[in-house]
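Take a look at the structure below.
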Amino acid sequence: MESAPSGTPTSPPPHILELRIHGIANALPYGSLDLPQSEVVQSDGDALGSFWTPTPDAEARDKALPPGHVRAIRPDVRREAYSWSAMARLGGLPFGGVLGVLGTVAVRLLWAAMIPFGLANAAYWARRIPAPEAGAHEAGTTEPAASGSGRREPGPRRPTSGTLRPEATAALTRVFALGLTLLFVSAVATVALSVIGTRCIGLATAAPDSVVPVCARIPSALYGLARLDVGDRLALLSLVPVLLVTVLVLVAHSGQVRFESKFSVMRAGRTVPPSGPPLHRAGFWSQRTGSGLLWAHLGAALALTGQYLTWTRYADAGFPMPGLPVAGLVVILGACVFVALRTDDDGVQAVAPRAKGPAGIVVFAAGLLVWLLAAWACSAGPKPPKMPALIGLDLVPALLGVGLCGIAATGLAWRTTRSVRGVAAWSLVPVVATACVAFVLVTEPDGPLRHLLVAVAVLAILSPVAVVLAAVLLRRRRYEGWNGAGPGVFLLVSAAAAAVYSSLLVLGVQWFLRSGEAAPPKQLGNGLVGLPRDVPEIDLVRVPPIYTEFGTASVVIALVFVVLVGVALAGPYVMDAVRSRDLWIPRAPRTAGLPYGPAVPAWRAVADAPDSDGGPNPVLERVLRGRKVAAMSHRAELAGGALAAACYVAALLAHVPLITQHSDTGTYQTPLWLSGLAVPALGVLAATLVASALAGTTGGGPSRPWGLVWDLLCFLPRSAHPFGPPSYAERAVPEVRSRVDAWLTGADIADESERERVAPTRRVVLSAHSIGAVLAAAVILIRAGNPVPDTVDGRLGLLSYGTQLRPFLGRFFPDLLGPTTTGTPPCTGPAWSADPWGGQVRAARAAVGSGPGAVPAAPLTPERPEPGSGEQVTLMSLLTCGAKPAWVNLWRRTDFMGFPVVGYGSNEVDRGAEEMDRSAYLFAVAAHSGYQSSWAYHVALDEVVSRLTPAGPSGAQPAVTRRGEPG
């Protein structure tokens with residue numbers, strides 16, 4: 001326990017709200033407050049989002065502690081913790097509380113299945129986000145409202161109707177998302193209709209003692225399907241993809257946690273015209289206009305299922321209504337047009353044309369009608385003489401794979417291509433590639449023509465590489481993730497994940513049904529139907545070749561990724577191992593020193609060592625090892641680029657040439673050793689998915705591997721794929737904003753005169769960890785975009801720590817969280833070296849020197865621009881109402897996910913946090929957690945408070961013990 005001279009200043013009534021917001025590790029409320037569970041109490045909220053405070057006894061005890069103690073609370077501070085960890089989790093699922101461990105594992109596996117949908121949403125927000133259209137978002141005419149006397153009074157101005165004119169990148173992303181849905185439906189339909197419906201359950205023989213051959217591994221629960229005619233059987237099995245799509249919708253929308261139970265003060269605020277960064281636009285976190293998108297996806301899924309039922313070589317001999325496949329294609333194309341022409345809502349609550357909502361319902365109704373007619377056609381038609389060959393299941397998934405790869409490839413060039421027409425021209429890439437492959441698959445031309453068409457398709461998908469290479473060589477987009485290729489990176493990984501998941505499902509079921517033990521016929525019903533169960537031949541339980549090629553592509557992805565990621569991540573450490581001396585990674589500048597406590601010797605052992613040549617130092621060696629391990633994870637952008645490159649190579653080698661091969665005139669034959677690795681590789685993947693889902697049920701926090709990915713994707717609004725992860729930020733941001741407004745306006749004070757006296761003295765410091773800092777930044781920006789009347793600037797500060805705003809999120813989503821939004825200097829990506837930021841550290845030292853009191857590494861955004869000046873509103877400008885911004889960011893070089901927000905030089909925002917956990921009994925190197933118990937945290941809180949506008953005589957800040965920086 002630390003000790004120091006006692007004695008604290010007189011405690012005035014708390015007028016500073018220190019609101020702590022946890023990050024993706026989902027720290028429980030008592031963990032955020034550094035207290036035992038028995039010493040915290042919920043002050044507001046519900047089971048999904050809640051606010052917690054220390055109990056009165058714990059608060060009184062901690063306020064009596066000396067300044068800088070691990071758990072000390074300033075006398076003028078009210079400390080709260082906001083918890084959003086339960087959002088978008090199992091608790092929102094119907095019957096989620098009674099599903100138990102088995103249900104939890106199933107839901108987490110569905111999370112994994114929905115990752116491609118979430119990556120499509122990420123690509124949507126990584127693209128260039130256009131400015132609001134004046135015609136779609138400006139205020140329209142004043143609507144009269146009825147008064148109490150019946151007279152129409154002027155009411156609020158309503159936005160005018162938006163236009164249906166598409167934006168090219170938004171349209172392509174949403175069409176890509178629709179393709180993901182159809183690929184999922186295709187995989188499920190292949191298992192239900194083809195593998196089970198026509199392969200593992202045969203036709204009844206014409207003998208008096210009729211028998212129906214079935215696979216030995218067919219579950220007994222499906223024996224009833226053998227009694228049915230093949231048409232009835234297929235009609236019934238078509239329910240499987242429909243039901244599974246319904247399950248996906250339930251899982252995706254079970255986490256719908258919009259802020260509907262309360263109304264923030266912002267509801268009564270004045271909305272400024274939409275301008276500036278998207279997070280500043282007043283409608284960004286409001287109800288989005290995307291309900292029609294869900295109906296369009298459902299309608300296309302139903303139409304495709306109906307198309308699969310009736311697109312067969314034996315339709316003339318069995319099924320009536322041969323035009324249904326064409327009708328299904330029309331509905332699918334209509335869904336593509338609908339999602340492409342959807343009115344954009346990039347941060348503005350747009351009022352779409354009135355026809356938009358009904359149009360989505362029409363697409364759904366048309367798809368439902370096609371499916372119902374197809375099911376009726378299967379049941380009503382005569383018994384076919386041969387088992388129908390479902391042609392659509394062979395062709396459509398292949399075309400979907402090519403189309404998805406084509407759109408993903410164009411995403412590499414979206415941000416680099418400057419003109420609107422140039423971006424729209426990239427739409428030809430997926431169209432040309434898909435058309436060439438479709439012609440090959442449908443007409444089966446001879447060898448030379450086949451080779452030419454395949455070459456054209458491959459060159460079309462390869463064409464965006466030239467733009468990417470030019471951007472890399474010219475360094476035009478060096479401040480953006482992957483040199484501006486971010487949308488393509490997300491889309492490529494999404495397409496590859498969807499293809500691998502589809503292959504895993506289809507080939508896994510095929511592998512399971514190919515084995516078993518033969519058994520004599522089992523009589524059913526009145527004894528006239530028998531089921532001889534036998535182990536099928538390999539050719540009998542065949543699946544469309546596209547899924548085999550998807551499985552082969554997974555092997556290619558794994559091999560290329562291992563090589564590239566080994567070069568990107570492990571290579572620098574191999575070079576470091578052969579160095580004549582250990583790599584020296586310096587600590588964060590302006591790291592506050594520890595003046596007392598048991599951790600002081602460890603702190604001095606690190607702070608007093610200028611470099612690694614200072615002699616044997618076990619403490620320094622452990623800290624340096626932690627810095628090196630953290631540096632490896634800092635190259636996540638390089639690893640993501642390696643994965644996208646592997647997916648691109650797999651698409652070029654597998655998706656196009658292999659799906660167009662035939663047994664006689666193939667353009668490219670898969671090597672036997674490569675195709676032989678497909679099933680084992682998919683088996684390893686399946687085991688990994690199940691193991692990760694099981695690990696997610698054993699504990700909280702980081703033990704949920706898919707939960708961490710889920711939380712990262714859940715921050716982004718669901719604007720591309722309606723089945724994607726729900727956005728917890730759509731509730732968390734307005735909820736935190738409401739708490740901030742309530743505190744600053746004195747909403748908790750009943751007496752009006754007392755409220756008017758106290759409210760002006762109140763201040764708020766948002767204390768945010770990791771991605772919680774992104775939530776806090778969104779709160780600050782949205783308060784400026786939709787302000788409370790008569791607000792006073794300078795009463796809201798930000799204390800962030802362990803955040804990824806600058807080098808990750810700011811580079812991956814430049815228009816959403818980049819420098820134009822935060823107001824901080826831009827950042828280049830990690831270098832291929834053992835210290836990925838060594839070049840930036842050396843550049844900062846060479847430019848402005850190092851050490852305490854140095855000049856900032858780069859100028860910060862000035863104070864808030866004047867209205868009408870045309871200058872961009874940024875996070876930094878909103879926090880700057882004096883000489884220095886009311887923002888301090890803590891980071892340490894041992895943090896594998898924490899970075900500075902301004903730069904690696906000394907500046908007015910970034911501060912170093914000590915790299916040892918002073919709250920631990922034994923020495924431990926601090927990493928991504930433990931910031932709140934660091935000495936630097938208390939120093940930073942004092943600094944943020946001192947930069948806020950003075951509270952006046954009635955709320956003057958008490959005297960606090962100031963801590964000097966290490967000399």
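All values below were derived from every heavy atom in this structure, side-chain atoms included, with hydrogens, water molecules and symmetry-related copies excluded.
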* **Pairing of E943 and R947 as salt bridge, 4.0 angstrom limit** => yes
* To do: Indicate yes or no: at least one non-hydrogen side-chain atom of P586 is less than 4.5 angstrom from one of V841.
  => yes
* Mind listing the closest non-hydrogen atom pair of L716 and S727 along with its distance? => O-CB, 3.4 Å
* Under a 4.0 Å N-O cut-off, is there an ion pair linking R61 with E39? -> yes
* Asked: Going by an N to O cut-off under 4.0 Å, is there a salt bridge joining E915 and R622?
  -> no
* Asked: Can you tell which of V909, V901, T822, T821 makes a side chain to side chain contact (heavy atoms under 4.5 Å, CB included) with M876?
  -> V909
* To do: Could you walk me through whether S767 and Y801 pass the side chain to side chain donor-acceptor pair (under 3.5 Å) test, one step at a time?
  => CA-CA 8 Å; S767 170; Y801 36 95; 2.7 Å; yes
* To do: Give a yes or no answer on whether the side chain of R590 reaches the backbone of N907 with a donor-acceptor pair at less than 3.5 Å.
  => yes
* V925 and F923: side-chain contact (heavy atoms from CB on, under 4.5 Å), yes or no, with the steps? -> CA-CA 7 Å; V925 177; F923 173 78; 4.0 Å; yes
* Verdict with supporting geometry, F284 and W125, ring pair (Phe, Tyr, Trp, His ring centres under 6.0 Å) -> CA-CA 12 Å; F284 193 86; W125 294 110; 5.3 Å; yes
* To do: State, yes or no, whether a side-chain contact exists between K63 and V77 at a heavy-atom distance under 4.5 Å.
  => no
* Start with the C-alpha gap between W584 and L624, add the side-chain angles, then the distance that decides, and say whether side-chain contact (heavy atoms from CB on, under 4.5 Å) holds. => CA-CA 7 Å; W584 173 254; L624 278 176; 3.8 Å; yes
* **Minimum side-chain heavy-atom gap R911-N889 below 4.5 Å** => no
* To do: Cation-pi check, R892 to Y931: give yes when NZ or CZ is under 6.0 Å from the six-membered ring centre and within 45° of the ring axis, no otherwise.
  => yes
* To do: For residues H938 and H69, establish whether the separation of their ring centroids is below 6.0 Å.
  => no
* Asked: Can D741 and R783 be counted as an ion pair, charged N to O under 4.0 angstrom?
  -> yes
* Any donor-acceptor pair under 3.5 Å linking the side chain of D76 with the backbone of P14? -> no
* Structure fact -> A776 and A768 have their tightest heavy-atom pair at CB-CB, 3.9 Å
* Any ion pair linking E80 and R78 (charged N to carboxylate O, less than 4.0 Å)? -> yes
* Asked: Among F899, F896, F808, W832, which residue meets the ring-ring contact (aromatic ring centres under 6.0 Å, His included) test with H634?
  -> F899
* So, are R627 and D835 salt-bridged, with charged N and O less than 4.0 Å apart? -> no
* From CD1 (I16) to CG (L948), nearest 0.5 Å -> 7.5 Å
* Does the ring pair (Phe, Tyr, Trp, His ring centres under 6.0 Å) test come out yes or no for F812 and W482, once each step is laid out? -> CA-CA 8 Å; F812 300 163; W482 303 288; 4.6 Å; yes
* Least distance between heavy atoms, A940 atom then L890 atom -> CB-CD2, 4.0 Å
* Is there side-chain contact between Y904 and D910, with at least one heavy-atom pair below 4.5 Å? -> no
* Give a yes or no on whether the ring-centroid distance for W84 and Y728 is below 6.0 angstrom. => yes
* Asked: Rounded to the nearest 0.5 Å, what separation is found between the CD atom of E914 and the OG1 atom of T894?
  -> 10.0 Å
* Structure fact -> Heavy-atom closest pair (S933 atom, G930 atom, distance to 0.1 Å) is OG-O, 3.1 Å
* Asked: With a 4.5 Å limit on heavy-atom distance, are the side chains of L798 and V765 in contact?
  -> no
* Check the side chains of E59 and T53 for a donor-acceptor pair under 3.5 angstrom, ignoring hydrogens and angles. => no
* Got a salt bridge between D34 and R20, using NZ or NE/NH1/NH2 to carboxylate O under 4.0 Å? -> yes
* Asked: Can you check side chain to side chain donor-acceptor pair (under 3.5 Å) on W887 and S800, steps first, answer last?
  -> CA-CA 8 Å; W887 183 6; S800 58; 3.0 Å; yes
* **Considering all heavy atoms, the nearest R763-T949 contact** => NE-O, 3.0 Å
* Asked: Between R811 and E480, is a side-chain contact (heavy atoms from CB on, under 4.5 Å) present by the stated rule, with each step listed?
  -> CA-CA 5 Å; R811 287 177 53 79; E480 298 178 4; 5.6 Å; no
* Is there a side chain to side chain donor-acceptor pair (under 3.5 Å) between T880 and S877 once you walk through the steps? -> CA-CA 5 Å; T880 304; S877 68; over 6 Å; no
* To do: Check whether any side-chain heavy atom of S770 lies under 4.5 Å from a side-chain heavy atom of H928, and answer yes or no.
  => yes
* Asked: Going through the distances and angles, do L796 and L766 end up as a side-chain contact (heavy atoms from CB on, under 4.5 Å)?
  -> CA-CA 8 Å; L796 178 60; L766 295 177; 4.0 Å; yes
* To do: Indicate the atoms forming the closest heavy-atom contact of G802 with D895, along with that distance.
  => CA-OD2, 3.4 Å
* Asked: When rounded to the nearest 0.5 angstrom, what distance separates CG in L879 from CD1 in I780?
  -> 4.5 Å
* Asked: Heavy-atom distance under 4.5 Å between the side chains of L878 and L781, does that happen here?
  -> yes
* Asked: What distance separates R737 CZ from I782 CD1, expressed to the nearest 0.5 Å?
  -> 7.5 Å
* salt bridge (charged side-chain N to carboxylate O under 4.0 Å, His left out) between R74 and D942: does it pass, once the steps are laid out? -> CA-CA 9 Å; R74 285 178 49 134; D942 291 345; 2.8 Å; yes
* Asked: Do P825 and V902 touch side chain to side chain, with heavy atoms closer than 4.5 Å?
  -> yes
* **Short side-chain donor-acceptor distance under 3.5 Å, T828 and Q840** => yes
* Just how far is it from atom CG of L817 to atom OG1 of T820, taken to the nearest 0.5 Å? -> 9.5 Å
* **Euclidean distance, L279 CG relative to T874 OG1, rounded to 0.5 Å** => 12.5 Å
